[in-house]
Each structure stands twice: as C-alpha cells, then as structure tokens.
Amino acid sequence: MRRPSGYENDAAHEVYPDGIHETIAGFLADEGFDPRTATLDEPEHGLTEDVLEDTDVLTWWGHEAHEEVEDEVVERVHEQVLSGMGLLVLHSGHFSKIFKRLMGTTCDLKWRDDGERERLWLVEPGHPIAEGIEESIELPETEMYGEHFDVPAPDTLVFNSWFEGGEVFRSGCCYRRGAGRIFYFRPGHETYPIYHNPEIQKVVANAVSWASPISGPTLSRGHVPESPEKE
Ligand code: ZN
C-alpha cells in the first residue's frame, strides 16, 4: 500500500515508475493470479468489506505512512485474516499496524541503508514457498535489516539473510493466526529493483499460493444447548 500522489522520492520513482503495487500486481498476473490493487489514498484505503470478502490473499507493502492507515480498516483486515484470508507482509510492512496487531510485539529491528549485498539462505527447503528456488538468493544492493527482529518465533522460518556488513536477519517467516496464514518477507526497499528480480518474484508468487485459504468447514462456537449426539 502506498500513495501514488505525493510520490516524491525520485530514486524510487525511477525504479518503480508505476509504483511498487503495480509491479507486484504485474508479475503476479504473469504467474496466473488475478491481482487487484488498493492504495492508501483511496476511500477506506481500497479495502472495503466487499473487497476483503472477495480477497484470498492480501499483499501489504507500506513505508512512511503506517500511522495514516485507519484503525477501522486494520480491524477489518485483522478479522478477515482470522477468518482465513492470507496475508503477505513485505519489507517495511513489518511496522504496519496490521502486522504489529497480528504479532503482538513491537516488530522493531535494526536497519542501515548502505546498498549492501544480501544473501538469503533457504533454511526450509521442503516448504511450498521454496518451490523452484536455489539454495540461496543473492541481492547485490539492499537496505540491511538486522536482528534482533522483535517478532514471535515463526511457526516456520523459510529464509535467513546474511548481509555483507555482518548482520543476519530472519527474512522469511510463516505464521498462522486463526484460520489465516501470514508470511513476512523482508526484501523490497523502494530504491532498489528487488521486485524486478525473478527469484524474488517467484518467492512472492509461491507465498501467495501458500497463504491462499482452503475451503474448510463452517465452524460454530459459543454455547451449545444440546449435545449433537442426543436423539
Ligand atoms: Zn526500506
């Protein structure tokens, strides 16, 4: 989620002339998905009840405007995740209201934007998100994120990053909340062409597939007046 107007960062504009959201939607469409976009400036940030109801997986990118995201929309997304909608949180989305809400921790980390080399090591090779991925992905220039990353221990850690400055980071973290699956994926600073990288695109597409809801049973909760086994 970003704002197309007021897009003042020239370096970012050069790398993503139509915005990161359009780049991500573009390669997901190439992979056979049916993506739609929603941005901060739209009414309800484009995330109305009807839109969310009709969304299998929501991909969330945000940077400087996390506080401008309406609490009511965050609440709505939260409920939808618990009901089974997948959520893919990218890069600086670690500080989004929705990710912090779902994790219950500060989600804070170390960072340094020095164009350092990063190597993402695949540490869970049998995982669906690892489909078609080599044992590591090298990104020549990145913004460094370092531990400690204040999130709950992931249910599954798929990628661990090394940076040339010496820091390491848990870059691909899987979680479940309610019926929903969540994947946090680190790469993606707006001034580097990370989302143009075919391997990164593959991971994002795999993650969208993995986080897609299944058609499970309708569950009931609350007081049960009569035993279902009673005649
Ligand atoms: Zn960044």
Side-chain angles (χ1 to χ4, degrees), residues 1-28 37-41 45 58-69 74 87-103 105-121 136-151 154 157-173 182-204 207-208:
M1 182 182 284
R2 54 162 289 274
R3 42 176 59 188
S5 57
Y7 194 38
E8 290 158 0
N9 188 326
D10 287 347
H13 187 71
E14 216 166 275
V15 181
Y16 298 105
D18 300 318
I20 283 177
H21 61 312
E22 292 296 349
T23 299
I24 293 171
F27 70 73
L28 287 177
T37 61
T39 58
L40 184 64
D41 290 343
H45 315 314
L58 180 62
T59 299
W60 193 287
W61 193 95
H63 189 197
E64 287 175 357
H66 296 308
E67 282 309 308
E68 292 174 39
V69 177
V74 174
L87 181 69
L88 179 52
V89 177
L90 299 170
H91 187 61
S92 41
H94 71 90
F95 257 165
S96 61
K97 287 181 179 178
I98 183 61
F99 190 58
K100 290 197 284 189
R101 173 84 197 271
L102 285 159
M103 296 296 107
T105 53
T106 68
C107 302
D108 206 352
L109 45 79
K110 286 189 184 70
W111 62 276
R112 176 175 60 240
D113 188 12
D114 250 352
E116 286 166 80
R117 188 155 57 95
E118 172 180 6
R119 188 175 287 281
L120 290 112
W121 288 98
S136 75
I137 298 172
E138 183 170 334
L139 298 171
E141 280 190 307
T142 60
E143 175 187 34
M144 182 282 292
Y145 276 10
E147 297 283 350
H148 179 247
F149 183 22
D150 184 23
V151 286
L157 180 65
V158 184
F159 293 102
N160 232 349
S161 281
W162 164 91
F163 295 87
E164 66 176 302
E167 285 90 354
V168 294
F169 192 78
R170 287 167 290 168
S171 278
C173 303
I182 302 157
F183 186 59
Y184 174 78
F185 191 47
R186 192 212 87 81
H189 190 66
E190 63 272 20
T191 57
Y192 303 112
I194 311 260
Y195 297 124
H196 295 300
N197 179 309
E199 289 171 289
I200 296 298
Q201 293 180 354
K202 180 77 180 150
V203 173
V204 171
V208 170

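Just follow the structure's listing: the first ligand is 1, and inside any ligand the first atom is 1.
Using cut-offs of 30° and 60° on the angle between ring planes, the pair Phe183 and Phe185 is parallel.
Looking only at its N/O/S atoms, His189 has ND1 as the one nearest to the Zn ion (ligand 1).
For a distance bound of 2.8 Å, the N, O or S atoms of Glu143 include one lying that close to the Zn ion (ligand 1). Taking backbone and side chain together, His63 holds no N, O or S atom under 2.8 Å from the Zn ion (ligand 1).
Between the side chain of Tyr195 and the backbone N or O of Pro187 there is at least one donor-acceptor pair closer than 3.5 Å.
For Arg119 and Glu164, the salt-bridge test fails: no basic side-chain N is under 4.0 Å from an acidic carboxylate O.
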For this session: Please lay out, stage by stage, how Glu67 and Lys97 fare under the test side chain to side chain contact (heavy atoms under 4.5 Å, CB included).
Result: CA-CA 7 Å; Glu67 282 309 308; Lys97 287 181 179 178; 3.8 Å; yes
